[in-house]
Amino acid sequence: MWVIIPSANKKYMSHKIPYVFRQNTDFLYLSGCQEPDSVLVLEVDANNNCKNTLFVRPKDKTAEMWDGPRTGVQCAPDVYGVEESFDINLLKDYLTRYGFANPNALFWYDEKVSDLANVSQIIRDVTNNQTRSPIELIQSLRLIKSESECALMRKTCEIASKAINRTLENSFPGISEHEIYANVDYYTRINGANFLAYPPVVAGGSNATIIHYINNNQIVKGGELILMDAGCEYHGYTSDITRTWPVDGKFSEPHRVLYEVLLQVQHELLDCLQFQGGETLDQLFDTMCSKIGKYLQEIKLIPSSLSGLELSRAAYKFCPHHVSHYLGMDVHDTPLISRNIRLRPGMVCTVEPGIYIPPHKSDVPSEFRGVGLRIEDDVLIKPGKEIEILTKECVKDTTLVENMVSCKTRGSLS
């Protein structure tokens, strides 16, 4: 059996101007190698003997003068812990000699997720297109985090939590969404993050009702809320946090009512994970709809006559997204793994209920319209029906949020 995992390649925004390089997640997970244009080959023979071989770019003084040093073939085994390494240009010869020579060899390779067209052509030539995808199997490995991975998850969540707290502190009426974006980017990077994990949502006022709003270019006026969904990447592991706060440090009464409803829902969802155990993410979503429906009935935004499935459907109109996803090396991690499997120790997931009321929603009182709120934390599932809230340092209590936003002025940025 042969498992062939390609790296990512460099991508360009214009001639000779590259985007920031981000490695193929599965390749990085299995190899630890951050270099483009590389391939990891895993072999298992009929006697279950295993071998791993890394194909990398050879040393090249001219290329390295422009793009930086390469590990090279000679050093790769020591740096990445593989048994052998070869020049990437020898991949076809290697597979032809050792793989294709065995007519019963099974090849695992997924062309659809490969950036390396030349490698895909090699695999087609060698295997006659008879391959299986290893991606779901690799994602099932990545789903359960090791202790070392949990330590990295704690660190990326700590960095993002502190950065978001600093960003709250430096909010003021008239600030631009762009400046808020710049602040959270700055505070994550100076505390060790490689970069933001995804384009953040920084949404003031009614922009927050656009769930994937990333324009981040408007002014936030006094009396408006800011919804920010941001996280960072630290040595390959990502955080994902959302906080909502009043730009001038004081919730208006309608905003306070909605915020405290949402905060209560999130507390109860975390309790579901903490005390019930075995909850699936899909079950958690059903629970969220039920709870949002119940509390919105209490403040008369949903008719009191609704119950059961009708109530959940009405609540879904206020929060039309799932309450959770897996988290790890990618933000929406291991997407091929069902959200309908029982949670197990070592999994990391988000808990992110929201309430979104567009400006045109005429069946709710006007003071609640044009408001979007979400509260999101990252959670590690632990043995014994316990959870660890990895983002607990990021403030969300109503009073603490108000105090933090109010405690500084614009001139305190540092």
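Count residues from 1 along the sequence.
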Residues [X], [Y]: salt bridge by 4.0 Å N-O rule:
X    : Y    : value
E83  : K51  : no
E64  : R57  : no
D333 : K145 : yes
R243 : D377 : yes
E310 : R313 : no
D248 : K250 : no

If we count only N and O atoms by modelled type, under 3.5 Å, do the side chains of [X] and [Y] hold a donor and an acceptor together?
X    : Y    : value
Q139 : R142 : no
S85  : Y80  : no
S176 : Y181 : no
T350 : D240 : no
D125 : Q121 : yes
Q218 : Y213 : no
Q264 : E260 : no
R374 : Y356 : yes

Donor-acceptor pair, distance only, cut-off 3.5 Å: does the side chain of [X] make one with the backbone of [Y]?
X    : Y    : answer
Y198 : G231 : yes
T238 : G328 : yes
E352 : T242 : no
S290 : D286 : no
S239 : T156 : yes

Rounded to the nearest 0.5 angstrom, the OG-CZ distance for S252 and F368 is 9.0 Å

| message | So which atom in C319 and which in I292 form the shortest heavy-atom distance, rounded to 0.1 Å? | response |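 In terms of heavy atoms, the two residues are closest at CB-CD1, 4.0 Å.
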
Would you say the side chain of V247 lies within less than 4.5 Å of the side chain of L225, judging by non-hydrogen atoms?
no

Exercise for review: Apply side chain to side chain donor-acceptor pair (under 3.5 Å) to the pair T188 and Y234, showing each step before the final yes or no.
Suggested key: CA-CA 9 Å; T188 54; Y234 176 79; over 6 Å; no

Any idea how Y316 and F285 line up, ring-wise: parallel (<30°), tilted (30 to 60°), or perpendicular (>60°)?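 Y316 and F285: perpendicular rings.
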
On the 0 to 90° scale, with breaks at 30° and 60°, tag the F86-Y94 ring pair as parallel, tilted or perpendicular. tilted

inquiry  = Does the Lys NZ or Arg CZ of K361 fall within the cation-pi geometry relative to F318 - under 6.0 Å from the ring centre and within 45° of the axis?
reply    = yes

(Q) Take a 6.0 Å sphere around NZ of K11 and say whether it holds more than 12 heavy atoms from other residues, nucleotides or ligands. (A)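 Atom NZ in K11 is crowded, with more than 12 foreign heavy atoms closer than 6.0 Å.
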
- Item | From CA spacing to verdict: side chain to side chain donor-acceptor pair (under 3.5 Å), T391, D378 | CA-CA 6 Å; T391 48; D378 303 337; 5.1 Å; no

